[in-house]
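Predicted, not measured: the structure shown is a model, and the values here were computed from it.
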Amino acid sequence: METVLRSPNGFLSSLSAGDFELIRQHLRPVDLATDAVLVEAGDMLKRAYMPHKGVISLVVKLARGEHVQVAMVGRGSIFGAFAGLSEIRSLESAVVLVPGIATAIDIEPFRAAVAQSPSLRATLIRHGLAVYAQVQQTAGCNAAHTVESRLARCLLQTRDLSGSNKIVLTQEAMAQMIGARRNSVSLVAHTLQQANFIHYSRGHIEITNLDGLIRTSCECYATVKAQYAALLHGQETRGQEALEA
């Protein structure tokens, strides 16, 4: 299949020239501002987002008011894959975790394009399943693994999806990412810093020892990467390189 390198986003850069042409005129650049809410759980998604930089966090709200992250979408994929296939309400809220930029497309013309192309539909399904696989792995990880390994995993995933070793995350955001209390996150972040795996100050995190952080992480980090590779068949080019780094 002929592909054209037209975007740092993995979904867009994996499309054939014909599939890209079906949506090209509807694509618009948008800013991903920190904490911007792209959709609330239970609402209809109006746009699909394909990040170039930045990370979108998918979160669920529990009965006592806690918010827990279930997946992240960055420059390797697309948020809104299943909404592009049919008219469904979002099962989770989507919030910008790491600011950046994205290409966006309104859902209605996106669905119309998908309906015209079996190959575009197949690509969209694979990307949707890749995010769903991450949701499943995250549920198991939060139930079975230590706070330290979970935080290491999430920092590594955020690095891969954003394409940078430098990340801005509050303690509240990190607690939401791993389903833990803020004081636990503070203690674990201090431990990782003492081990010289990260440098952490006032919400600014720099990964200084990638190998050490990978060793601290649970197997879920490698599992999610392998799931992405299997589901997406290595079709992503520049965007997917973030997941293979």
For side chain to side chain contact (heavy atoms under 4.5 Å, CB included), just list the numbers for Arg182 and Glu172, CA-CA rounded to whole Å, side-chain angles, deciding distance to a tenth of an Å, and then say yes or no. CA-CA 6 Å; Arg182 287 180 60 180; Glu172 181 178 357; 4.3 Å; yes
Would you sort out whether Ile78 and Phe110 count as a side chain to side chain contact (heavy atoms under 4.5 Å, CB included), showing the intermediate values? CA-CA 12 Å; Ile78 176 174; Phe110 193 31; 3.9 Å; yes
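In this structure, the separation between OG1 on Thr170 and CZ on Arg202 is 14.5 Å, given to the nearest 0.5 Å. The line from CG of Leu156 to CZ of Arg159 is 7.5 Å long, rounded to the nearest 0.5 Å. Note that the CZ atom of Arg153 and the OG1 atom of Thr146 stand 10.5 Å from one another [nearest 0.5 Å]. Atom NE2 of His190 and atom CD1 of Ile198 lie 10.5 Å apart (nearest 0.5 Å). Rounded to the nearest 0.5 angstrom, Arg111 CZ and Ile105 CD1 are separated by 11.5 Å. Note: Ser77 OG to Gln134 CD = 9.0 Å, rounded to the nearest 0.5 Å.
A donor-acceptor pair under 3.5 Å is formed between the side chain of Gln193 and the backbone N or O of Tyr200. The main-chain N or O of Leu213 is never found under 3.5 Å from a side-chain atom of Ser217 such that the two would form a donor-acceptor pair.
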Per-pair distances, 0.1 Å, donor-acceptor, side chain in residues 174-181, under 3.5 Å, sequence neighbours excluded:
none

Side-chain donor-acceptor contacts of residues 30-59 below 3.5 Å, not counting sequence neighbours, with atom names and distances?
{"residue": "Glu40", "atom": "OE1", "partner": "Ser93", "partner atom": "OG", "Å": "3.3"}
{"residue": "His52", "atom": "NE2", "partner": "Thr103", "partner atom": "OG1", "Å": "2.7"}
{"residue": "Ser57", "atom": "OG", "partner": "Gln69", "partner atom": "OE1", "Å": "2.7"}

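Through side-chain heavy atoms spaced under 4.5 Å, either directly or across other Ile, Leu, Val, Met, Phe, Trp or Tyr residues, Leu187 is tied to no other residue.
Side-chain heavy atoms closer than 4.5 Å link hydrophobic residues (I, L, V, M, F, W, Y) into clusters, and following such links, possibly through other members, connects Val131 to Phe79. The hydrophobic cluster containing Leu15 also contains Leu27, counting ILVMFWY residues as joined when their side-chain heavy atoms lie under 4.5 angstrom apart, directly or transitively.
Using a 4.5 Å heavy-atom threshold, the side chains of Val68 and Thr138 count as separate. Residues Ile205 and Thr158 fail the side-chain proximity criterion, which asks for heavy atoms closer than 4.5 Å.
The environment of Phe82 atom CZ is dense: over 12 non-hydrogen atoms of other residues, nucleotides or ligands sit within 6.0 angstrom. Around CD of Glu219, the count of heavy atoms belonging to other residues, nucleotides or ligands within 6.0 Å exceeds 12.
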